[in-house]
Amino acid sequence: MVYMDDIKVDVSVRLGRCLVEIGNISCLSLGSVLQLDCEMSDVVDICVGEKVIATGELIRIEGCDKINVKVIGVIG
């Protein structure tokens, strides 16, 4: 028997977007920086596949080098 607690799903966070001219895509290389249309304080979408399941905010946890997301709303 499979329990729901045993099923893993891939969760992604959408931070923002940018518009890049197709001719400039070939110029992208290691170290290239793309400026997104959002601020660090903007709400982000938390998704499973293409479906938004929650919203969150970016946070830093002391002693952790990674960016984290705090869930601030669940879309039901």
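One-based numbering along the sequence shown.
Atom CG of residue Leu15 and atom CE of residue Met40 lie 8.5 Å apart, to the nearest 0.5 angstrom. Interatomic distance, CD1 of Ile67 versus CZ of Arg60, reported as 5.0 Å (0.5 Å rounding). With rounding to the nearest 0.5 Å, the separation of CG in Leu58 from CG in Asn68 is 9.0 Å.
Through side-chain heavy atoms spaced under 4.5 Å, either directly or across other Ile, Leu, Val, Met, Phe, Trp or Tyr residues, Ile59 is tied to Ile61.
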### Query
Ile53 and Ile75: side-chain contact (heavy atoms from CB on, under 4.5 Å), yes or no, with the steps?
CA-CA 5 Å; Ile53 59 163; Ile75 298 172; 5.8 Å; no
### Working for side-chain contact (heavy atoms from CB on, under 4.5 Å), residues Arg14 and Val52
CA-CA 9 Å; Arg14 288 195 295 216; Val52 178; 2.9 Å; yes
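Minimum interatomic distance between Gly23 and Cys27 (heavy atoms only, all atoms of both residues): O-SG, 4.2 Å. Nearest heavy atoms, Val71 versus Ala54: CG1-CB, 4.2 Å. Among all heavy-atom pairs drawn from Gly49 and Ser12, the shortest one is O-OG, 4.4 Å.
One hydrophobic cluster, built from ILVMFWY side chains closer than 4.5 Å, cannot hold both Val43 and Val74; they sit in different ones.
Annotation: side chain of Val44 is not in contact with side chain of Asp42 (no heavy-atom distance under 4.5 Å).
Judged purely by atom type and a 3.5 angstrom limit, Asp37 has no side-chain atom pairing as donor or acceptor with the backbone of Gly16.
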